[in-house]
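Predicted model only: the values in this text are computed from it and were never measured. Per chain, numbering begins at 1; letters A, B, ... match sequence-line order.
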2 protein chains.
Amino acid sequence: MEKIQTPNQSDQLPESGTLASRTYESIKADIIDGTLPQGSKIVESDLALKYGISRGPLREAIHRLEQIKLVIRVPHAGSRVVTLNSKMMEDIYTARESLEGMASRLAARLMPDEDIKSLHRLLDQHEQNINEAEGKVYFQHEGDIDFHFRIAAASQNQWILENLNGELYQLIRMGRHQSGRMPSRPAAALAQHRQIVSAIEQRDEELAELLMRRHISGAWKTVKSILEENHE
Amino acid sequence: MEKIQTPNQSDQLPESGTLASRTYESIKADIIDGTLPQGSKIVESDLALKYGISRGPLREAIHRLEQIKLVIRVPHAGSRVVTLNSKMMEDIYTARESLEGMASRLAARLMPDEDIKSLHRLLDQHEQNINEAEGKVYFQHEGDIDFHFRIAAASQNQWILENLNGELYQLIRMGRHQSGRMPSRPAAALAQHRQIVSAIEQRDEELAELLMRRHISGAWKTVKSILEENHE
DNA sequence: TAGGCAGCAATTGTCAACAATTGGAATAGT
DNA sequence: ACTATTCCAATTGTTGACAATTGCTGCCTA
């Protein structure tokens, strides 16, 4: 399978950086893919032993995980992996709708033509993946996040980019991984993506924002129904 | 002067909590009011000595300050107080416009009638303060933030509330404190606030969002012009 | 048996010493 | 005088021991 040019978008767990950084990335990955289950208690000394480091850097890693809301910590009592409930997911999708809508508007204003062309090519690849049906859902989701990431980056708004990429997308990834099934009609999503790019291409800020908000709002409705049927 | 019922909205620096927490609040206050100037280098051992604690909790405090973007840290090199430039402030105001617009929409949907009444009373107090002209600009600004805080809280969206209150408002406070002058025509702002509450009262989500976005967008234009004339 | 109190084990918070890295000062070479 | 290099001091990263807090266990009492 052809490797998609996905430039290490902030997810890296290499041998470089401080111990705290690497451990942070490791634990983050473990939480997102469920190796550390939701709601499980996190004991500093245990994890320190498990990762072969001392409690100092490990504590720093946990604090950072707390900031991106993957971990909940109560002073003197300990920390647990967050448990995603429906309300929290709704909050996240709503915030995302707001921020990505704005990002889309800004992208329509600021994205260079060259990057728009590149976006088109990305969507072409996604279309191939869907048709071949061989791109497993996993890649479809990474592709989806890649698309949204590019819009966020094109906004040239650092705050929005960091919060989407650093926090919201992680929680959404986690939600998808854990709720088992995840492919929410990729063909429909692709069509909407194309609409959005088209609006950006025409520099129609209003429309770009509107379409993105509708797209995400729709995604939430799908996720919500999945959550509900999973829970009954 | 009558004390306004402003319920300790998350700004507390008491004698309670862990050392790291208290130190975090102290340093945060020092940064916001300029005691620690923008761009100044932060040396862990110095600050630890100054606050009479060891480097452990102090490091935790700094990490937390980094997360809310009051401090910039580069591994192995050290940390500095952030320097607010125009681009960063624009990013912040844009993100704020997006999130508070959404919060306003949600408030129109969800805010209890009783709370709306309370909001009216708050604005009445603000009006008094303005007329008496005795409410110094300081209180006007705290009042302004209080208003926006209540809208955010009324959204019942935890993510939006935390990000506005924990991060964006702090940076805006900092910007105001440091740029010296700050009163941006409080009467006009009050009128807009009343419009927004009115839209919320009528449960007009669309209008509530629109007005809030216009309000914040206008505020940014004012701030921007102040920044520009300050810098020349 | 239910409720509360005391003491204890487990866990987090804090500290001070040690290791590793960086940026710059002093030095040498052209 | 200017640039490159080597070394050193200052600073951050990491560690393991110690202190403080929690909440549980088991006993006591009504």
Looking only at the side chains, is there a donor atom on one of A/R150 and A/S118 sitting less than 3.5 Å from an acceptor on the other?
yes
Is a salt bridge present between A/K50 and A/D46, judged by a nitrogen-to-oxygen distance below 4.0 Å?
no
What does the B/S/- profile of nucleotides 8-25 of chain D look like, 5' to 3', with a 4.0 Å heavy-atom cutoff to protein?
----BBBB-----SSS--
Measure from the side-chain N and O atoms of A/Q38 to the backbone N and O of A/L84, and report whether any donor-acceptor pair falls under 3.5 Å.
yes
Using the six-membered ring wherever Trp is involved, compare the ring planes of A/H148 and A/Y169 and label them parallel, tilted or perpendicular (cut-offs 30° and 60°).
perpendicular
Between atom NE2 of A/H126 and atom NE2 of A/H193, what is the distance when rounded to the nearest 0.5 Å?
8.5 Å
